[in-house]
Number of protein chains: 2
Amino acid sequence: MAKTDTKTRVLNTAERLFAQKGFDAVSLRNIIAAAKVNLAAVHYHFGSKQALVHAVIARRLRPINGERLAKLAEIRAKSGRRPLKLERVLDCLFRPLFRVQADPKAGPTFARLVGRVMGERNEGLHKFMMGELAEVIIQFGAALEAALPGLTKEETDWRSHFMAGAMAHTLCNADLLVRFTGTDANASDYESTVRRLIDFTAAGFRAKVSPPTRPHKKK
Amino acid sequence: MAKTDTKTRVLNTAERLFAQKGFDAVSLRNIIAAAKVNLAAVHYHFGSKQALVHAVIARRLRPINGERLAKLAEIRAKSGRRPLKLERVLDCLFRPLFRVQADPKAGPTFARLVGRVMGERNEGLHKFMMGELAEVIIQFGAALEAALPGLTKEETDWRSHFMAGAMAHTLCNADLLVRFTGTDANASDYESTVRRLIDFTAAGFRAKVSPPTRPHKKK
DNA sequence: ATTTGATTCAAACGACTGTTTGAAACAGGC
DNA sequence: GCCTGTTTCAAACAGTCGTTTGAATCAAAT
């Protein structure tokens, strides 16, 4: 088989370096040197650095989001008239993403990249991500509300946000988790990560809402 | 009173710009232009850009961490032989940080900056942050374990990590929360944020641990 | 072999970057 | 006023940056 084509080499290398060091810290020259291609190839194939960033993200995220939505549609079809089970909804959201982490080719680099993107405030990228995630937000938002009928939309949205943070942080720091938590490598497969994250976030979603004026120790 | 001294002006401006755009995307010339100081002043007062970054973070984070540890020591003293209450521990951790958000001077910029730092993978910065957070991690780690006697250290550590993610994401995106969650501005004070975050994370910490091999729908 | 479009190339443009340097200005003590 | 240390200044260094350009090379069809 022929060696990887130029475009793919740029994408793979950019993905790795962006994940390692961040979008702004990695220049096109860093990428082309590592990918052994010509600088102008980036502009030929992608048009700009910004467009390269979007392409790097989209090529992985689209299939993941597609799978998320398909899984959600599936559990919806199977549940019929019964309410959706929260853990199932969360599983549909987390699993496709964390499974990428287990892929030896993409592995830790893409997961970390997604985690990083979620904290990014670059306007162009933010707008792009909102576009990519629009349908997921709508569908999973509705599914979470359906799975949590006793919770107001406002509380559901806040807790969705906390959940997103927990998920992003986990993606971003997958390699640190082993060291930090003292977890041994065998136990650290993505299945157990998904399970743990579901345990934590499902409980969080179901938490009793505290009254607004919370008494606290006054110093 | 005399106008703000050069050093402080640099710190304030850097804080604001770093929070807005990130560390790598903001150059020293961006900072000095906005602060109306001379480029060499940065090197005179701080030595390097990296050192400026550290200084920006440390000047706010140190007092916050100091307050966290003091609050923790206080609730420890008050609880005597009784076990620490989880919500109290979490309050000690979150409140000092989220209260900065309510400060009209520092306000959203520092909170966002801390949120951003927590996802940062720059080696120098990461090492610096580990140093700044070492005592907090040790003390709160122990406190959480004491507050959750039925949970293994491994699970506590995983859940601590999820909690950190939820906290960071909330800090990083405070301004988006209003828009995203549909929360009206009045309800969006830091007290309610802290309360909500405690509700969610406390429940997550207390969640029942699922058995390792979780049956799931196989496609 | 020629034509055509696709792809890659090296050089260049116009900017920007963090760091350094020696001089000038400032501020306080004597 | 002089001395000393502190602080600010403008210029410069040696790079680096994303984008552009016209030419060369490649590849496929005729």
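Below, chain A is the first sequence line, B the second, and so on; all start at residue 1. Keep in mind that the numbers below use all heavy atoms, side chains included, and drop hydrogens, waters and symmetry copies.
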Within residues 49-58 of chain A, residues whose heavy atoms come under 4.0 Å of DNA chain C: none
Whole-Å distance separating the CG atom of N38(B) from the C1' atom of dG22(C): 13 Å
dT17(C) OP1/OP2 closer than 4.0 Å to side-chain N/O of S27(B): yes
Interatomic distance, L28(B) CG vs dG18(C) P [rounded to whole Å]: 4 Å
Between N30(A) and A40(A), which is nearer to the 5' end of DNA chain D once each is assigned its nearest nucleotide? N30(A)
Tell me, please, which residues at least two apart from R62(A) pass salt bridge (Lys or Arg N to Asp or Glu O under 4.0 Å). E132(A)
Tell me which one of K21(A), R16(A), Q20(A) satisfies side chain to side chain contact (heavy atoms under 4.5 Å, CB included) with V26(A). K21(A)
Please list, chain by chain and in numerical order, all residues satisfying side-chain contact (heavy atoms from CB on, under 4.5 Å) with I138(B), sequence neighbours excluded. E135(B)
Along DNA chain D, 5' to 3', what are the outermost nucleotides having an atom less than 4.0 Å from a heavy atom of chain B? dT6(D) to dA12(D)
Parallel, tilted or perpendicular: which fits the ring planes of F94(B) and F98(B), with parallel below 30° and perpendicular above 60°? perpendicular
With under 30° as parallel and over 60° as perpendicular, where do the rings of F200(B) and F205(A) fit, or are they tilted in between? perpendicular
Measuring from the side chain of Y44(A) (C-beta onward, heavy atoms only), which nucleotide among dC9(C), dT8(C), dG18(C) has the closest atom? dT8(C)
Please determine, by modelled atom types, if N30(A) and S27(A) share a side-chain donor-acceptor pair under 3.5 angstrom. yes
Separation of dA12(C) C1' from H43(A) NE2 (nearest whole Å): 14 Å
Under 4.0 Å: is that the gap between some side-chain N or O of T6(A) and OP1 or OP2 of dT8(C)? yes
By side-chain contact (heavy atoms from CB on, under 4.5 Å) - contacts of H45(A) (at least two apart): T6(A), K7(A), A41(A)
Whole-Å gap separating P (dT19(C)) and CZ (F46(B)): 13 Å
What is the separation between atom CG on L39(A) and atom P on dT7(C), rounded to the nearest whole Å? 18 Å
Counterpart residues, salt bridge (Lys or Arg N to Asp or Glu O under 4.0 Å), relative to R59(A) (two or more places apart): E15(A)
Please tell me which of K7(A) and V26(B) maps to the more 5' nucleotide of DNA chain C, matching each residue to the nucleotide holding its nearest heavy atom. K7(A)
Side-chain heavy atoms of E67(B) within contact of I64(B), under 4.5 Å: no
